[in-house]
Trainee: 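Attaching a single structure in C-alpha cells format; questions to follow.
Proteins come first, then strands; the chains are lettered A, B, ... in the order of their sequence lines, and each starts at number 1.
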There are 2 protein chains.
Amino acid sequence: MARPSRREHLIETAITLFCEHGYHATGIDMLLDKAGVSKKTMYQHFRSKEELIYAALRQYDGVFRNNFMKAVEAAGKTPEEKLLAIFDVAHTWFNDNKFFGCMFINAIGEYSEKDSPIREISRQFKQLMWNYVAELAKDANVKEPEKLANELSLLLEGAIVTAQVSQKPEAAVTAKEIGKKLIDDAMV
Amino acid sequence: MARPSRREHLIETAITLFCEHGYHATGIDMLLDKAGVSKKTMYQHFRSKEELIYAALRQYDGVFRNNFMKAVEAAGKTPEEKLLAIFDVAHTWFNDNKFFGCMFINAIGEYSEKDSPIREISRQFKQLMWNYVAELAKDANVKEPEKLANELSLLLEGAIVTAQVSQKPEAAVTAKEIGKKLIDDAMV
DNA sequence: TTATAAGTAAACAGATCGGTTTACTTATAA
DNA sequence: TTATAAGTAAACCGATCTGTTTACTTATAA
C-alpha cells in the first residue's frame, strides 16, 4: 500500500523544485534524491519527466486555486470586498520567502511550442482564475463583469511579475488601489 | 578583422534562441550550429555560456529600450499621448509572431538565486523602463509622477504576461484603457 | 508460509551538456 | 613573403541528462 503517499510526495517535491529552479534546471536525480525515492519507483508512477511536470502543474493548479479562493472568501464578506481581497491574498503570497513567481508563467517561459500540453495547462489555469474573478464580479452586480474580470486579472498578473522581478511585494498594494478605482467605476 | 561582426552575430543568435526556447533548453551546440560559428571562436569571445547570456541580456536591454522609446516618441506628441502610446507599442510587439514574452521575466523564472547577475540585469532593465515612464509622467505634469509610473509599469507587465500566457495580445488594449483613466485622474 | 506487489540501491545505456584541445585554413598587414 | 591573428572542423573530456535494468529487500495478504 502506501501508494498514494509516494506519488503525492514526488509531486510535492517536484512542485517545490520546479518553482524555485525552473523545469529544465531541475534534474530527475536531484529531485529523487530530495524526495528520497528510487528512480524505478518514479518511472513506475510517471512515464517521463514531462508526465511528472504535467502532474505537478495539475496538482498545483488545484491546490493553489483552492487556497487562493478560500483565503479570498475568508478576507471579504461582500463580493466587492472579495474582489479587493484578491490583492491582499496576493500580497501575503508575495511576502512568502518561498515566492518565486507564478509556476505557470515560468513554465510558459521554458516551453514555447504553441500546442505544448504544458502551455495548455498554464492557459487553463489562468482561464480558471479569470472565471473566479468574473463570478465575483457578477455577484457584485457591476456593469460589465467580464470586462472588470479582464482588468483585475491583468492587474494581478502585473503585480505577480513586479513582485517577482523587481522584488517589490508592495506591487500588490498598487494593484489593489487601481482595482478599487475600477470596481467603483463599474458599480451600478 | 570582422571581429565585431562575429561577436554580434553570436549575441543576435543567442537572443533569438533564448527568447524562444529559454536559457537552459538552449544548448551551446545548437546555438553554434544556428550561428554557423565554431566552438573555439565562441569561447574566445565569451568565457562561458553564462557570459554569453549576460551579453545577450545586456544587448537586448539596450536595443529593446531604444526601439521601444523611439516607437513611443513617434506615436505620440504630448507627454500624455506618449504615456498612452506605450500600450500601442506593446500591442504591436504582442502581435509579432516572434513574441515569446519578456526575455527578462523569462530569465528570472530560470535563475532564482537572489544575487544572480542575470536577476540583477533583469531588475535593472525593469528599473530603466520605469525611469522612462516616470520621466514621461513628470513631463506630463501629473500629480504624483512616480506613483503613476508604478501604476503604468505594472499595467505593462500585466499586459505582457496576459498576452504571452493567455495568448491575448488585446490585453494591451485593456491596459491602455486602465492607463487612460489613471492618467486622467493624475492630471492637475 | 508463501506468493505478490512495491519498494530500494546501483549499475548501466546512450545522448547531450558545457568546455578544451588539436590540426588545419584562411586573411591580413608588415 | 611571411609572421600573426582569427577562423573552422572535429576529436575529446568529464559530467550530467533522461530513462532502463538488475538484484535485492521489504511489507502485506491469501
Trainee: Excluding sequence neighbours, so at least two apart, what forms side chain to side chain donor-acceptor pair (under 3.5 Å) with A:E73?
Mentor: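 Applying side chain to side chain donor-acceptor pair (under 3.5 Å) to A:E73 gives A:Y132.
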Trainee: For DNA chain C, what residues of residues 107-116 of chain B have any heavy atom nearer than 4.0 Å?
Mentor: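 Nothing qualifies; none.
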Trainee: Compute the centroid of each ring, for B:F125 and then for B:F64, and state whether the two points are separated by less than 6.0 Å.
Mentor: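 So the answer is yes for these two rings.
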Trainee: For residues A:Q127 and A:N131, is any side-chain donor paired with an opposing acceptor at under 3.5 Å?
Mentor: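 On atom types as modelled, these side chains qualify, holding a pair under 3.5 Å.
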Trainee: Should the ring pair A:W93 and A:F99 be called parallel, tilted or perpendicular, given that the plane angle runs from 0 to 90° and is split at 30 and 60?
Mentor: perpendicular
Trainee: Please list, by residue number, the residues of residues 32-39 of chain B whose heavy atoms come closer than 4.0 Å to an atom of DNA chain D; answer none if no residue qualifies.
Mentor: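 Only B:G36, B:V37, B:S38 qualify.
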Trainee: Would a hydrophobic clustering, with Ile, Leu, Val, Met, Phe, Trp and Tyr connected at side-chain separations under 4.5 Å, put A:I160 with A:F100?
Mentor: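 Unlinked, A:I160 and A:F100 end up in two clusters.
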Trainee: Using a 4.0 Å cut-off on heavy atoms, which residues in residues 22-31 of chain B reach DNA chain D? List them by number, or say none.
Mentor: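 Contacts with DNA chain D under 4.0 Å: none.
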Trainee: Considering just the side-chain nitrogens and oxygens of B:T41, establish if one lies under 4.0 Å of OP1 or OP2 belonging to D:dT8.
Mentor: yes
Trainee: Closest-nucleotide mapping onto DNA chain C: is B:K40 or B:Y43 further toward the 5' terminus? I mean the 5' end.
Mentor: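 Mapping each residue to its closest nucleotide by heavy atoms, the 5'-most match is B:Y43.
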Trainee: Taking the inter-plane angle between the rings of B:Y23 and B:Y111 on a 0 to 90° scale, is it parallel (under 30°), tilted (30 to 60°) or perpendicular (over 60°)?
Mentor: perpendicular
Trainee: Can you list everything that forms a salt bridge (charged side-chain N to carboxylate O under 4.0 Å, His left out) with A:D115? Sequence neighbours excluded, please.
Mentor: none
Trainee: Requiring both pairing distances under 3.5 angstrom, list the stems that contain DNA chain C and are made of three or more consecutive Watson-Crick or G-U pairs.
Mentor: C:1-30 with D:1-30
